[in-house]
Enquirer: 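Could you have a look at this structure, given as structure tokens, before my questions?
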Amino acid sequence: MEETATERAAIATRALTKRYRGGQTAVDRLDLFVPRGSVFGFLGPNGSGKTTTIRMLMGLVAPTSGSAEVLGAPMPGAVRRVLPRVGALIEGPALYGFLTGRDNLVRFDSADPTADPRTRAARVGAALDRVGLAAAAGKKARAYSLGMKQRLGLAAALLQPRELLVLDEPTNGLDPQGMREIRTLVRELAADGTTVFLSSHLLDEIEQVCTHAAVMARGRLLTQGTVAALASSARGRLAVTTPDTSDAVRVLKEQGVTDLVVVDDRVTGDAPGACELADLNAALVHARVRVRAFGTERASLEDAFVALTGEGFDVAG
Amino acid sequence: MSQADVVVGGARAASPLWQLSLFRSEVTSVFRRWRTIALLGVLAAVPVLVGVAVKIETGGGGAAGHDGAGPAFISQVTNNGLFLVFTSLAATLPFFLPMAIGVVAGDSVAGEAHAGTLRYLLVAPAGRTRLLCAKYASTLVFCLAATLVVAVSALAVGALLFPLGDVTLISGTDVSFGEGLLRALAIAGVVALSLIGIAALGLFVSTLTNSGIAAMATTVGLLITVQIMDQFPQLHAVQPYLFPHYWLSFADLLRAPVYWDQLLDNARLQALYAAVFFSAAWARFTSRDVTS
């Protein structure tokens, strides 16, 4: 049986738009497609509309126009049917300081009408174990560090087996060890078949964990696709290490290489699309340029990002 | 547990009884706050103050109070400790009790919005209508608890400091202490009922802002304004529609036969306020963007 597109999508939006009072357009005709089973990285500078998008997907903010489907059902209409199958961490954790870590989870679990009170204690315990908070479960959340709060927020998202996890900056406030643990956790969950929708500031984190990614800037979707395709869309630069830099620049220019930059004994540039790299090397050697190293630098997601947005990652949009 | 066990055909089956978890969680959250305990502590202290003051004032054995001055029934407290219950409720109903309700109701939604926990309750998903109902219901539980705290504290202080015995009603008839106690319980019920209007008002204000403090201050401010308006003879025409207008009608339960007119007026007015402001709160809360 052929599945329809919406059945294969964990999240699908069509021309999703949010204009806040005052005329500011936070999200502008967004067409997002998150395949089921993917680990989807959601990228964009601060203020690019990521959080507003997530809030619309979770039924917290009503779209001005356009539509959104989560797990095949329209949002915000099907909130009660959809959200029990979704775990979410939105804009950092928010906790009741006067309750213990465990009681915070009990409270959030009580809010879910599909959560069985008979298994509550066990599920809360398992979620605490999973994020490594079991030892601090009896402490008041007020006394938690940011990293512990983040873990508790994650635990709340893991109180039930979920089909979709929406994690907004999940490693924020964690130390490197904690970040690694969270990444491992995300991979484990993805291996179980959970779709993970992950927004992050850290491009290498997205690159390490995600299969797919989308890039937003100023409320618009710039691109989406597999991480591999996105990274390769930003072409790698040719890099030659040689003591004869001026000769190398001359030869490469003759071969049609553009944007040549010399730093110490390294010459980098953009090779023309149709050109065979081996011919370039042969041309260099033929001109008696001594080559120590020759190759292309692998394009990172960051290169792709800068190429797309034309700005650094942490610049407010 | 694998995904497949649980998510067959979409949503998990839910028992209707599980829906009550949120209400229970709301009530425990309200009563586990230091602020709530402090409020109840202040309310419990009022009868102690009144009782001790009356005791000291009448140390020589003379009649208590100065006729017509002070809270209702204060002159009878020395003869019968049970009257301290009526006096304390009459003393706390105009401000202390509704202020406590205003704090709890005003903070109910706005406080969660301010802390950010509101978004997590909503994605749990609590359901906006269900969450609002649970919030209002837990505020009503607090109304009853606050009233009972005053009544029980007053009864304890009254029993300690003054004699107990048959109760002389306002209409002059004597009833047994047991019946007096029953009437005291009924009065506590009426007082708690008198607070549902301001509870709904506070809930509505609470849905308008993301600041718990602002919502509490606004609710208490409204209470004070309305109480002042209720004092001006020039505003005679609107006074029957002000929610505190019939509050002290609970004294009519101390007559034989009971005068029902104002008691019923009070009940109707409170029901009207509850219906209007709960609907307004619902309309606002179910349509608003949660951006905190």
Side-chain angles (χ1 to χ4, degrees), chain A residues 18 20-21 26 51-52 55-62 71-73 76 78-99 103-104 106-118 120 123 126 153 156-157 159-163 166 192-194, chain B residues 1-37 111-131 133-135 138 285-292:
Chain A
K18 180 65 186 182
Y20 282 115
R21 255 182 304 178
T51 299
T52 301
R55 283 179 182 275
M56 283 194 279
L57 293 174
M58 297 294 100
L60 294 172
V61 165
L71 299 175
V79 161
R80 298 199 71 169
R81 203 146 40 86
V82 170
L83 291 185
R85 299 183 278 150
V86 179
L89 185 66
I90 304 160
E91 261 192 305
L95 305 168
Y96 300 91
F98 62 99
L99 294 179
D103 288 339
N104 267 281
V106 167
R107 169 130 173 91
F108 290 127
D109 196 60
S110 306
D112 180 354
T114 69
D116 187 346
R118 289 163 298 184
R120 184 161 292 147
R123 284 182 293 109
L159 283 167
Q160 302 264 13
R162 311 285 193 185
E163 285 174 65
V166 174
D192 289 349
T194 308
Chain B
M1 206 189 309
S2 84
Q3 296 284 308
D5 297 342
V6 186
V7 219
V8 178
R12 280 176 286 268
S15 151
L17 266 182
W18 299 355
Q19 304 266 350
L20 290 177
S21 290
L22 181 60
F23 167 64
R24 236 176 307 147
S25 171
E26 275 302 327
V27 174
T28 22
S29 298
V30 168
F31 285 97
R32 282 179 71 173
R33 287 190 172 229
W34 272 110
R35 192 188 58 209
T36 312
I37 305 302
E112 301 251 17
H114 181 72
T117 45
L118 182 61
R119 64 176 183 267
Y120 286 109
L121 292 178
L122 290 179
V123 300
R128 295 196 183 200
T129 306
R130 176 166 166 256
L131 182 60
C133 288
K135 291 274 178 206
S138 64
F285 188 57
T286 50
S287 62
R288 89 182 238 206
D289 284 348
V290 176
T291 51
S292 61

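Proteins get letters first, then strands, A, B, ... in listed order; numbering begins at 1 in each. Just the heavy atoms: all of them, side chains too, but no hydrogens, waters or symmetry mates, feed the values below.
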Enquirer: Pick from B/L131, B/V290, B/L118: which one has the most heavy-atom pairs with chain A under 4.5 Å?
Expert: B/V290
Enquirer: Listed by chain and number, what are the side-chain contact (heavy atoms from CB on, under 4.5 Å) partners of B/P125, not counting sequence neighbours?
Expert: A/V79, A/L83, A/P84, A/D112, A/P113
Enquirer: So which part of A/Y96 gets closer than 4.5 Å to some heavy atom of chain B, the side chain, the backbone, both or neither?
Expert: both
Enquirer: Does a side-chain heavy-atom distance below 4.5 Å link B/L122 with A/L60?
Expert: yes
Enquirer: Can you tell me which portion of A/L159 sits under 4.5 Å from chain B's heavy atoms? Options are side chain, backbone, both or neither.
Expert: neither
Enquirer: If you count heavy-atom pairs under 4.5 Å with chain B, which of A/G59, A/A73, A/A94 comes out on top?
Expert: A/A94
Enquirer: Which distance, rounded to the nearest 0.5 Å, do you find between the OG of B/S25 and the CG of A/D109?
Expert: 9.5 Å
Enquirer: Can you see which heavy atom on A/F98 is nearest to which on B/R32, and at what distance?
Expert: CD1-O, 3.9 Å
Enquirer: Taking salt bridge (Lys or Arg N to Asp or Glu O under 4.0 Å) as the test, write out the residues that go with B/R24, two or more places apart.
Expert: none
Enquirer: Just so I understand: if I count every heavy-atom pair under 4.5 Å between each of A/L95, A/L99, A/D116, A/V86 and chain B, which residue has the most?
Expert: A/D116
Enquirer: Considering only heavy atoms, which portion of B/E26 lies under 4.5 Å from any heavy atom of chain A: side chain, backbone, both, or neither?
Expert: both
Enquirer: Check whether any side-chain heavy atom of A/R107 sits under 4.5 Å from a side-chain heavy atom of B/T117, and report yes or no.
Expert: no
Enquirer: For B/L22 and A/A111, work out which heavy atoms get closest and say how close.
Expert: CD1-CA, 3.8 Å
Enquirer: Sub-3.5 Å donor-acceptor pair from the side chain of B/Y120 to the main-chain atoms of A/I90, do we have one?
Expert: yes
Enquirer: Flag the pair B/R119 / A/M58 as yes when at least one side-chain heavy-atom distance between them is below 4.5 Å, and no otherwise.
Expert: no
Enquirer: So what's closer than 4.5 Å to chain A heavy atoms on B/S29: side chain, backbone, both or neither?
Expert: both
Enquirer: Please determine, among A/T51, A/N104, A/D103, A/T52, the option with the most heavy-atom pairs under 4.5 Å with chain B.
Expert: A/D103
Enquirer: Please identify, among A/S110, A/G153, A/P76, A/A156, the residue contributing the most non-hydrogen atom pairs under 4.5 Å to chain B.
Expert: A/S110
